[in-house]
Amino acid sequence: MWYKRSMNALTIVHETIKRVVRDGDVCIDATAGRGYDTAFLCELVGKNGNVIAMDIQQDAVDSTNALLESKGLCAQVVLDSHANMAKYAEKESVRCIVFNLGYLPKGNHGIYTHFESTKQAIESGLELLERGGLMCVSVYYGGDSGYEEKDALLPWLKTLDDEKYQVLATFFYNWKKDPPIPIFIIKN
Ligand code: SAM
């Protein structure tokens with residue numbers, strides 16, 4: 001197992017993705033936000049790959065495009081809900097899908113992810129993932145976005161068919177204040 005002295009949700013997710021995504025892969029960032037995960041995925045897939053990034057806020061789309069431009073990277077950044085993910089990729093063609101739930105940092109805290117659309121997006125995304133592909137869902141909750149999504153999502157993820165998927169949830173068990181929960185879903 002890979003190990004770092006100082007781990008957080010971001011390092012755990014990125015270190016895991018680095019072991020899965022290769023040059024030429026197709027990846028989806030389901031919550032583009034400020035574009036950091038989109039840029040990370042673009043660097044891994046290189047010029048031969050393709051990254052689709054989705055967000056419902058123009059602010060996020062603009063930020064993501066600006067970050068990509070500043071780094072000389074390229075992705076298909078779309079202003080759309082991740083619930084419509086199936087419009088943008090073929091079934092079993094995607095190596096990795098990343099979700100960072102919650103609200104846009106330094107943005108409108110009144111707009112955040114909700115269980116119903118997240119569930120729809122995860123279901124679609126699992127169809128799009130290739131076998132052996134990885135979905136990472138980092139659950140950020142508490143504060144302005146509350147607990148509703150986390151409280152519905154965790155029990156629902158437990159119901160995914162264990163013949164088809166492995167669901168691994170990572171808890172920062174002794175952190176005091178609403179630690180994010182990185183969840184990994186591997187398609188068998
Ligand atoms: N990964 C991002 C980054 O690197 O900056 C941070 C993502 S932020 C925690 C969550 C984002 O999800 C917000 O930008 C928000 O607009 C977006 N979002 C909320 N509901 C969404 C939906 N239904 N479809 C796509 N994005 C959504």
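In each ligand, atom 1 is the first atom listed, and ligand 1 is the first ligand listed. All of these numbers come straight from a predicted model, not from anything done at the bench.
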Just to be sure I read this right, does ligand 1 sit under 4.0 Å from the backbone of [X], its side chain, both, or neither, counting only heavy atoms?
X	result
Val98	neither
Ala30	backbone
Ala32	backbone

How close does the nearest protein non-hydrogen atom get to [atom], and which residue and atom is it?
atom	result
atom 7 (C) of ligand 1	Thr31 O, 3.4 Å
atom 1 (N) of ligand 1	Asp37 OD2, 2.9 Å
atom 23 (N) of ligand 1	Ser81 OG, 3.1 Å
atom 4 (O) of ligand 1	Tyr36 N, 3.2 Å
atom 8 (S) of ligand 1	Tyr103 O, 3.4 Å
atom 19 (C) of ligand 1	Thr113 CG2, 3.5 Å

Original post:
Should Thr159 and Leu157 be marked as a side chain to side chain contact (heavy atoms under 4.5 Å, CB included) after you check the CA-CA gap, both sets of side-chain angles, and the distance that decides it?
Top reply: CA-CA 5 Å; Thr159 68; Leu157 287 171; over 6 Å; no
Option whose closest heavy atom lies nearest to [atom], chosen from [options]:
atom	options	answer
atom 27 (C) of ligand 1	Ile56, Asn100, Asp80	Ile56
atom 26 (N) of ligand 1	Asp55, Leu104, Leu10	Asp55
atom 24 (N) of ligand 1	His82, Arg34, His114	His82

Is a donor from one side chain sitting under 3.5 angstrom from an acceptor on the other, for [X] and [Y]?
X	Y	result
Tyr88	Asp80	yes
His82	Asp55	no
Glu69	Asn65	no
Asp178	Tyr147	yes
Asn108	Asp59	no
Thr113	Glu149	yes

Original post:
What atoms of ligand 1 come within less than 4.0 Å of a heavy atom belonging to Leu101?
Top reply: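 Per the distance check, 9 (C).
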Subject >> Gln57 neighbourhood, listing ligand 1 atoms whose heavy-atom distance to it stays under 4.0 Å >> reply: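 Checking each atom against Gln57, I get 15 (C), 16 (O).
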**OP:** State whether Tyr141 and Lys150 meet the cation-pi test: NZ (Lys) or CZ (Arg) under 6.0 Å from the six-membered ring centroid, and within 45° of the perpendicular axis.
**Re:**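 Yes; both conditions hold, so Lys150 lies above the ring face of Tyr141.
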**OP:** For Gly102 and ligand 1, answer yes if some heavy atom of the residue is under 4.0 Å from a ligand atom, otherwise no.
**Re:**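 Checking ligand 1 against Gly102, which is what was asked, there is a heavy-atom contact under 4.0 Å.
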Subject >> Heavy-atom gap Tyr140 to ligand 1 smaller than 4.0 Å >> reply: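 Tyr140: no contact with ligand 1 (<4.0 Å).
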**OP:** Tell me whether Val45 is reachable from Val78 by hopping between hydrophobic residues (I, L, V, M, F, W, Y) whose side-chain heavy atoms are closer than 4.5 Å.
**Re:**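 In one cluster with Val78: Val45, no.
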Original post:
Ion pair present between Arg131 and Glu92, side-chain N to carboxylate O less than 4.0 angstrom?
Top reply: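 Here Arg131 pairs with Glu92 in a salt bridge, since their nearest N and O are under 4.0 Å apart.
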